[in-house]
Peer 1: 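Dumping the structure here so I can ask a few things about it.
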Amino acid sequence: SGIGDIFHRRQKQRFFPELNISYLHFVSNSKKITTFAAIKKYNFMKLNLKRPLVIFDLETTGLDIARDRIIEIAYIKVFPNGEEASHRLLINPEMHIPETSTEGHGISDADVADCPTFRQKAQEIANDFIGSDIAGFNSNNFDIPMLTEEFNRVGIIPDFIDKAAKVDVQVIYHKME
């Protein structure tokens, strides 16, 4: 079976010469698959990296960076030698997930009730990001500020985020439209 049988394509394929990658966004029938995870899994991209690249996506309780919390972080760390490590962590936000948010990402209070909190996983996540560049979709406006705020809440100064080169695929996408 082909990719079309497994995934529904929500965005057109785009090529980004800055990273020598193509961008596709896939959604499976049951769970969202991170943009670049699907690309890498199906061999749609070749990266020429000098530093590791962490490609990540967040799901949250809402859109207010000061009030809302992360409930899922999914990321792939691609190393210059081509090796990769992928992670998907469900996080207990220690607050109610509004029904409108659950409708968008499919994650409910029950799904995260027995999961670790961000505080419990923060250092592990930080260790994966240290020394890496960062990429995502709308990451400059939402994901990076939300992740930074969560680190600040638990007392981790995320200066490694400031030091990273950042690639927001949404910015590139809109420049190419």
Side-chain angles (χ1 to χ4, degrees), residues 16-26 31-95 105 107 111-112 114-173:
F16 304 107
E18 295 87 348
L19 284 178
N20 190 28
I21 62 172
S22 293
Y23 165 76
L24 296 172
H25 187 116
F26 294 100
K31 290 284 184 187
K32 181 173 156 183
I33 293 183
T34 306
T35 299
F36 294 96
I39 294 169
K40 188 68 177 169
K41 181 175 179 180
Y42 291 100
N43 242 349
F44 289 121
M45 71 176 183
K46 293 180 182 175
L47 297 174
N48 183 13
L49 301 174
K50 298 198 181 346
R51 293 170 29 118
L53 178 65
V54 174
I55 306 144
F56 82 109
D57 187 43
L58 301 177
E59 298 301 346
T60 63
T61 58
L63 300 175
D64 185 331
I65 291 167
R67 183 181 61 83
D68 288 307
R69 301 292 187 268
I70 293 172
I71 57 175
E72 179 186 43
I73 181 168
Y75 56 99
I76 296 174
K77 185 171 186 175
V78 182
F79 296 89
N81 66 3
E83 290 182 31
E84 62 183 62
S86 62
H87 303 274
R88 178 180 176 259
L89 300 169
L90 287 174
I91 303 290
N92 184 329
E94 301 179 284
M95 67 181 287
H105 48 58
I107 302 169
D111 294 327
V112 297
D114 296 326
C115 294
T117 64
F118 189 83
R119 178 176 302 282
Q120 293 169 316
K121 294 305 229 175
Q123 192 59 60
E124 176 185 327
I125 295 166
N127 290 345
D128 280 341
F129 277 68
I130 291 172
S132 300
D133 293 328
I134 302 171
F137 189 89
N138 193 30
S139 55
N140 290 352
N141 292 323
F142 183 74
D143 297 76
I144 291 172
M146 177 64 85
L147 185 60
T148 300
E149 185 67 20
E150 287 278 29
F151 280 128
N152 287 331
R153 281 187 195 109
V154 300
I156 294 176
I157 306 302
D159 61 341
F160 54 88
I161 291 176
D162 294 333
K163 294 175 185 175
K166 296 164 195 74
V167 178
D168 188 330
V169 178
Q170 183 182 41
V171 171
I172 298 168
Y173 178 82

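Nothing here was measured: the structure is a model prediction, and the numbers come from that model.
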Peer 1: For the CD1 atom of Ile144 and the CD1 atom of Ile161, what is their distance to the nearest 0.5 Å?
Peer 2: 7.0 Å

Peer 1: How many angstroms lie between CE in Met146 and CD in Glu59, if you round to the nearest 0.5 Å?
Peer 2: 11.0 Å

Peer 1: Taking C-beta and beyond as the side chain, do Leu147 and Phe118 meet within less than 4.5 Å on heavy atoms?
Peer 2: yes

Peer 1: Within a 6.0 Å radius of atom CG on Asn81, are there more than 12 heavy atoms belonging to other residues, nucleotides or ligands?
Peer 2: yes

Peer 1: Only one of Phe129, Phe142, Phe137 clears ring-ring contact (aromatic ring centres under 6.0 Å, His included) with Phe56; which?
Peer 2: Phe129

Peer 1: CG of Asn138 to CG of Leu58: how many Å apart, nearest 0.5 Å?
Peer 2: 10.5 Å

Peer 1: Could you give the distance from CD1 (Ile73) to CD (Glu124), rounded to the nearest 0.5 Å?
Peer 2: 10.0 Å

Peer 1: Would the distance check show the side chain of Lys121 and the main-chain N or O of Leu89 forming a donor-acceptor pair, the cut-off being under 3.5 Å?
Peer 2: no

Peer 1: Let me see the working for His105 and Ile71 under side chain to side chain contact (heavy atoms under 4.5 Å, CB included), right down to the final yes or no.
Peer 2: CA-CA 10 Å; His105 48 58; Ile71 57 175; 3.2 Å; yes

Peer 1: What I'd like to find out is whether the side chain of Asp133 reaches to under 4.5 Å of the side chain of Val167, using heavy atoms alone.
Peer 2: no

Peer 1: Which atom pair, heavy atoms only, marks the closest approach of Cys115 to Asn92?
Peer 2: O-CB, 3.3 Å

Peer 1: Calculate, to the nearest 0.5 Å, the distance between atoms CG and CG belonging to Asp143 and Asp168 respectively.
Peer 2: 8.5 Å

Peer 1: Write down the atom of Glu149, the atom of Ile65, and the distance for their closest heavy-atom approach.
Peer 2: CG-O, 3.4 Å

Peer 1: Taking Arg51 for the side chain and Ser132 for the main chain, is one N or O donor matched with an acceptor at less than 3.5 Å?
Peer 2: yes

Peer 1: So do the side chains of Arg153 and Arg69 get within less than 4.5 Å of each other, counting heavy atoms only?
Peer 2: yes

Peer 1: Using side-chain heavy atoms (C-beta onward) and a distance below 4.5 Å, is Met95 in contact with Asp68?
Peer 2: yes

Peer 1: Roughly how far, to the nearest 0.5 Å, is CD1 of Ile70 from CD of Glu150?
Peer 2: 4.5 Å

